[in-house]
Amino acid sequence: MSNGHSITATNEPKTDPVSTSFYKDFLSLIKIGIVNSNLVTTFTGLWLAFQFTNRNFLKELDLIFFTLFGAALIIAGSAAMNNYIDRDIDPVMKSKKGRPTVTGRFTPTAVLITSFALLIVGEIFLFLASPSAGVWGLAGIISYVVLYSMWSKRRHVSNTIVGSISGAIPPVIGWAAVEPGLSLGALALFLIMFAWQPPHFYALAMKRTEEYRAANIPMLPVVKGFKRTKVSMLLWILLLFPLPFLLMELGVAFVVLGTVLNIGWLLLSIKGFRAEDDIKWATRMFIYSLNYMTILFVSMIIFSIFI
């Protein structure tokens, strides 16, 4: 990655640092990492719906494009709106000081216009995929921007759970584009993503406890302490155990893999109660959660090919 300085041969074109910086700032504004991870779950919902309804994936590439492009745009637009809303508290958080809304690279008006443009165009594409996908897209926007960013984040310790609603909607959007009436599979994906998020974000919140305290954000580790947070993480992980069984259509091998992943996460969670370094343990929990989500959702696609 470029850090703004480069050494080039005299016969090579030089990169415009302003353009490079704008590109990086834009990706930071839309939280490209969150966009990419949510597209994985959106695609999984889309793919599984095709497999379970016996429709030909390759014959409906327009539907796939509308769904993935639309989902990417509304997620990016929602993230930009979150940056706009949080521009007053981000400066006091060390991990957020690089955001363009903090550095002043993007004005609040520009961020607001960009957000609305992304949201509107994204919704148009989702409605082109199917009215159901468009409606679920609106549900995702409202749950993240209004219920989480504007309402619960600064007021309630349950903010992470409220925020988990929006994070669980992308796979439903993918599924709804193919099967508007949804089915048990769509519910399973929603529940898996919903239960996965609290232990994932609580681990991150533990690492950034002092930042959230400085910003006066009532995250669970700030309000209730680390021990109470560890108990909550353990309980949410336990809730994940029955969920792979809702996708029995993917075969016994998938259920076994999901259960093994859950056992591994549970054991790591239990170790937290004896951890000498809470932050180091929280980092391990965070990394495990990322691998958990990636392995589980990629395996869904792989196992579905053989059903």
Side-chain angles (χ1 to χ4, degrees), residues 29-46 49 66-90 99 101 108-182 186-198 200-201 205 217-219:
L29 178 71
I30 65 172
K31 303 182 183 180
I32 191 63
I34 291 177
V35 174
N36 291 337
S37 62
N38 278 282
L39 278 182
V40 171
T41 64
T42 305
F43 178 80
T44 302
L46 186 73
F66 292 151
T67 306
L68 295 180
F69 194 60
L73 290 180
I74 68 164
I75 295 165
S78 297
M81 185 64 76
N82 175 263
N83 274 343
Y84 174 82
I85 294 168
D86 285 352
R87 68 190 188 281
D88 62 324
I89 59 174
D90 284 345
R99 288 181 173 179
T101 44
T109 301
V111 172
L112 200 59
I113 293 172
T114 300
S115 174
F116 275 117
L118 291 170
L119 293 173
I120 292 169
V121 176
E123 274 300 307
I124 290 172
F125 276 101
L126 287 181
F127 273 103
L128 286 173
S130 81
S132 181
V135 170
W136 278 104
L138 287 173
I141 294 168
I142 292 170
S143 60
Y144 183 69
V145 174
V146 179
L147 295 183
Y148 174 67
S149 299
M150 297 177 67
W151 174 62
S152 67
K153 182 174 181 177
R154 306 189 191 205
R155 293 176 176 85
H156 303 288
V157 72
S158 59
N159 53 15
T160 300
I161 298 171
V162 174
S164 296
I165 298 171
S166 59
I169 287 178
V172 180
I173 293 174
W175 198 294
V178 179
E179 187 190 11
L182 304 178
L187 175 63
L189 294 181
F190 178 89
L191 292 176
I192 288 171
M193 283 304 300
F194 182 76
W196 170 82
Q197 286 174 95
H200 167 74
F201 283 109
I217 302 299
M219 300 297 288

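Residue numbers count from 1 along this sequence.
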Please walk me through it: do V157 and M219 pass side chain to side chain contact (heavy atoms under 4.5 Å, CB included)? CA-CA 5 Å; V157 72; M219 300 297 288; over 6 Å; no
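- In this structure, the side chain of E123 engages the main chain of L138 through a donor-acceptor pair within 3.5 Å.
- The two atoms that bring P180 and V178 nearest to each other are CD-O, 3.5 Å, heavy atoms only.
- In this structure, S149 contributes its side chain and Y144 its backbone to a donor-acceptor pair below 3.5 Å.
- A heavy-atom distance below 4.5 Å is found between the side chains of R99 and K31.
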Run the side chain to side chain contact (heavy atoms under 4.5 Å, CB included) check on T114 and V111 step by step: do they pass? CA-CA 5 Å; T114 300; V111 172; 5.7 Å; no
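- By the 30° and 60° cut-offs, the orientation of the rings of F125 relative to F69 is perpendicular.
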Going through the checks in order, is the side chain to side chain contact (heavy atoms under 4.5 Å, CB included) test met by F66 and L126? CA-CA 6 Å; F66 292 151; L126 287 181; over 6 Å; no
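- Considering every non-hydrogen atom in both I30 and A76, the closest pair reads CB-CB, 3.7 Å.
- Note that CG of L46 and CG of L68 are 5.5 Å apart. Values are rounded to the nearest 0.5 Å.
- The main-chain N or O of P218 is never found under 3.5 Å from a side-chain atom of R155 such that the two would form a donor-acceptor pair.
- Results of the side-chain contact (heavy atoms from CB on, under 4.5 Å) test with S115 over L119, I113, L118 single out L119 as the only residue that passes.
- For the atom pair I74 CD1 and I141 CD1, the distance stands at 4.5 Å (nearest 0.5 Å).
- For F194 against I161, the heavy-atom pair with the smallest separation is CE1-O, 3.6 Å.
- For the pair I169 and W136, the minimum side-chain heavy-atom distance is below 4.5 Å.
- Going from atom CE of M193 over to atom OG1 of T44 covers 9.5 Å, rounded to the nearest 0.5 Å.
- Counting all heavy atoms, side chain and backbone alike, T67 lies closest to A129 at OG1-CB, 3.4 Å.
- Here the closest heavy-atom approach between residue S152 and residue N159 is recorded as O-CB, 3.4 Å.
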Take L182 and L187 through the test side chain to side chain contact (heavy atoms under 4.5 Å, CB included) and record every step on the way to the result. CA-CA 8 Å; L182 304 178; L187 175 63; over 6 Å; no
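- When all heavy atoms of L147 and S143 are compared, the pair lying nearest together is CB-O, 3.3 Å.
- Between the CG atom in N82 and the CG atom in L29 there is a gap of 10.0 Å [rounded to 0.5 Å].
- Relative ring orientation between W196 and F201 is described as perpendicular, the plane-to-plane angle rising above 60° on a 0-90° scale split at 30° and 60°.
- Going from atom CD1 of I165 over to atom CD of Q197 covers 10.0 Å, rounded to the nearest 0.5 Å.
- Annotation: side chain of R154 is in contact with side chain of I85 (closest heavy-atom distance under 4.5 Å).
- Side chains of P170 and T41 form a contact here, defined as non-hydrogen atoms less than 4.5 Å apart.
- Summarising the geometry, atom CG belonging to L112 is positioned 12.0 Å from atom OG1 belonging to T101; distances are rounded to the nearest 0.5 Å.
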